2 protein chains.
Amino acid sequence: MKQTELQEILKQKGLKTTNQRVLVFKALESCPGKHFTAEELYDVIKVDYPEIGLATVYRTIQLFLELNLIDKINLDDGFVRYEIVDNNNLKHHHHHFICVECGKVYSFEEDLLEDFEAHVEKAFGFKILNHEVKLYGLCKVCLQKNWI
Amino acid sequence: MKQTELQEILKQKGLKTTNQRVLVFKALESCPGKHFTAEELYDVIKVDYPEIGLATVYRTIQLFLELNLIDKINLDDGFVRYEIVDNNNLKHHHHHFICVECGKVYSFEEDLLEDFEAHVEKAFGFKILNHEVKLYGLCKVCLQKNWI
DNA sequence: GTTTATGCAAATATTTTGCAACGTT
DNA sequence: AACGTTGCAAAATATTTGCATAAAC
């Protein structure tokens, strides 16, 4: 997504295109797949724009969540994290695998969850709109380490 | 699980069976499937044991998590919640469906996730030990309301 | 010029921690 | 008696909010 598209989205809602909003967006976009905390975004942006306030970062995150520009992720480490939504894959948010040994987080796509969701919708009469799937376990690297 | 079993588990680890630990356990056990916040547990226990401190509740929750007596659940409402682990179904933690309209949380079992996990293990070389699945959408009741 | 957004500081809310007193083994 | 545990209060952490100023339209 280009900066002009962000401008367009904001204009449609009667919102203003500020330096701060553009910078938060650029920071998130520069590292797709990275799970930023609010503080991390703040630190990144402060380098080029030291006058930004942490409260603005929080407010911008809130706004971007409402505009569905970013996803919220909770990895149970005491921080809520955010990553930019992948426009090429709007239908399905990806899943996260968290290694309990090294703490590394792996993101991946896996369509088999659709069967699961279809079954749940049928069995319980729900309409599923979104999901958050976290798998915990040992990653390939840590499994191999344990073999030694 | 009986109180004597809790006592046994604690003794094995060289930990003491205190009134506070028994009361937190009983509170959790009295409502299986209920998602307690720390504060809710505190309030429940205070009725019969007003001298308990909130810090003790937090410390007991931490302990029970380490002993795998309870599960941690985050429903994105600003509170971390806990529920007692179902001993009759140790293999599989259940899943949660959260209605975005009424906010109600439905817990359910669904084995189809095993296929999903088996596939992920094979495809990425992970060893999956646990999972947390949250589905967001409209529940049966709210779907019907919207038909009117 | 009007309205929205920002930065700062203070407030909120949740959870953790230090420590003296206490309870369990 | 020894050691783990508790309650309290204070600290730490994360996030939100009020308000005067500033920037965008």
Side-chain angles (χ1 to χ4, degrees), chain A residues 3-4 6-27 35-67 69-70 72-82, chain B residues 3-4 6-27 35-67 69-70 72-82:
Chain A
Q3 198 179 313
T4 49
L6 172 65
Q7 219 160 334
E8 203 51 47
I9 292 169
L10 291 171
K11 193 192 271 180
Q12 275 183 354
K13 303 262 175 182
L15 302 167
K16 289 172 179 169
T17 304
T18 62
N19 264 323
Q20 292 86 338
R21 285 174 181 170
V22 172
L23 287 167
V24 171
F25 187 77
K26 277 189 181 170
H35 310 117
F36 286 95
T37 64
E39 196 92 29
E40 280 169 356
L41 278 171
Y42 177 60
D43 289 340
V44 167
I45 295 161
K46 255 199 312 196
V47 174
D48 290 322
Y49 198 88
E51 59 267 49
I52 197 167
L54 182 54
T56 301
V57 174
Y58 274 105
R59 281 185 284 228
T60 305
I61 285 169
Q62 215 50 49
L63 176 64
F64 285 2
L65 275 176
E66 283 157 25
L67 296 174
L69 297 174
I70 57 176
K72 188 180 190 175
I73 301 137
N74 194 317
L75 301 174
D76 300 314
D77 61 350
F79 298 89
V80 181
R81 292 165 184 278
Y82 308 90
Chain B
Q3 197 179 314
T4 50
L6 173 64
Q7 219 161 334
E8 202 52 46
I9 292 168
L10 291 170
K11 192 193 270 182
Q12 274 183 354
K13 302 263 176 184
L15 301 167
K16 287 172 180 169
T17 304
T18 62
N19 263 323
Q20 291 88 336
R21 286 175 180 167
V22 171
L23 286 167
V24 172
F25 187 78
K26 276 189 181 170
H35 310 116
F36 286 96
T37 65
E39 196 93 30
E40 280 169 355
L41 277 171
Y42 177 58
D43 289 339
V44 167
I45 295 162
K46 255 199 313 196
V47 175
D48 290 321
Y49 198 89
E51 61 267 50
I52 197 167
L54 182 53
T56 300
V57 175
Y58 274 105
R59 281 185 285 229
T60 305
I61 285 169
Q62 214 50 49
L63 175 66
F64 285 2
L65 275 176
E66 284 157 25
L67 297 174
L69 296 174
I70 56 176
K72 189 180 188 174
I73 302 137
N74 195 316
L75 301 174
D76 300 314
D77 62 349
F79 297 89
V80 182
R81 292 166 184 276
Y82 308 90

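Below, each value reflects all heavy atoms present in this structure, side chains not excepted, and no hydrogens, waters or symmetry copies. Below, read A as the first sequence line, B as the second, and so on, with proteins coming before strands; counting in each chain starts at 1. Predicted model only: the values in this text are computed from it and were never measured.
Looking at residues two or more places apart in sequence or on another chain, you find a side-chain contact (heavy atoms from CB on, under 4.5 Å) between A/Ile70 and A/Leu28, A/Ile61, A/Phe64, A/Leu65, A/Tyr82. B/Thr56 is linked by a side-chain contact (heavy atoms from CB on, under 4.5 Å) to B/Gln20, B/Ile52, B/Arg59, B/Thr60, counting only residues two or more places apart in sequence or in another chain.
Between A/Val22 and A/Leu6, the shortest heavy-atom contact is CA-CD2, 4.1 Å. Across all non-hydrogen atoms, the minimal contact from A/Tyr42 to A/Leu54 is CE1-N, 3.4 Å. Here the closest non-hydrogen pair linking B/His35 and B/Arg81 is O-NH1, 2.9 Å. Across all non-hydrogen atoms, the minimal contact from B/Val44 to B/Ala27 is CG1-CB, 4.2 Å. Looking at every heavy atom in both residues, A/Leu10 comes nearest to A/Lys16 through CD1-O, 3.9 Å.
Non-hydrogen atoms lying under 4.0 Å from DNA chain C are contributed by A/Tyr49, A/Glu51, A/Ile52, A/Gly53, all within residues 43-54 of chain A.
Rounded to an integer number of Å, the gap from B/Leu65 CG to C/dT15 C1' is 13 Å. As a whole-Å value, the separation of B/Asn74 CG from C/dT14 P is 13 Å. For the pair A/Glu8 CD and D/dC25 P, the interatomic distance rounds to 12 Å; values are reported in whole Å. At whole-Å resolution of the value, OH in B/Tyr58 and C1' in D/dA9 are 16 Å apart. The interatomic distance linking A/Leu41 (CG) with C/dT6 (C1') rounds to 17 Å, in whole Å. Atom NZ of A/Lys13 and atom C1' of C/dT3 are 18 Å apart (whole Å). The CZ atom of B/Arg59 sits 11 Å away from the C1' atom of C/dT15 (whole-angstrom rounding). Per the geometry, CD belonging to B/Glu66 stands 11 Å off P belonging to C/dT16, to the nearest Å.
In this structure, CG on B/Asn74 lies 4.5 Å from CG on A/Asn74, to the nearest 0.5 angstrom. Atoms CZ and CG, on A/Phe25 and A/Leu41 in that order, are 12.5 Å from each other to the nearest 0.5 Å. In this structure, CG on A/Leu69 lies 7.5 Å from CG on A/Leu63, to the nearest 0.5 angstrom. For the atom pair A/Leu15 CG and A/Glu66 CD, the distance stands at 9.5 Å (nearest 0.5 Å). Atom-to-atom distance recorded for A/Ile45:CD1 and A/Glu40:CD is 11.5 Å, nearest 0.5 angstrom. To the nearest 0.5 Å, atom NZ of residue A/Lys11 and atom OG1 of residue A/Thr4 are 10.5 Å apart.
Axis angle across the helix from C/dG1-D/dC25 to C/dT25-D/dA1, with five pairs used at each end and values rounded to 10°: 30°.
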Under 3.5 Å, which protein N or O atoms sit close to an N or O of nucleotides 2-5 of chain D? Give each pair with its distance.
from: D/dC3; atom 1: O2; to: B/Lys16; atom 2: NZ; distance (Å): 2.6
from: D/dG4; atom 1: O4'; to: B/Lys16; atom 2: NZ; distance (Å): 3.2
from: D/dT5; atom 1: OP1; to: B/Lys16; atom 2: N; distance (Å): 3.0
from: D/dT5; atom 1: OP1; to: B/Arg21; atom 2: NH1; distance (Å): 2.4
from: D/dT5; atom 1: OP1; to: B/Arg21; atom 2: NH2; distance (Å): 3.0
from: D/dT5; atom 1: O5'; to: B/Arg21; atom 2: NH2; distance (Å): 3.4

Polar pairs (N or O, both sides) under 3.5 Å between protein and nucleotides 10-13 of chain D?
none

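Nearest-nucleotide assignment on DNA chain C puts the 5′-proximal partner with B/Thr37, out of B/Thr37 and B/Asn19.
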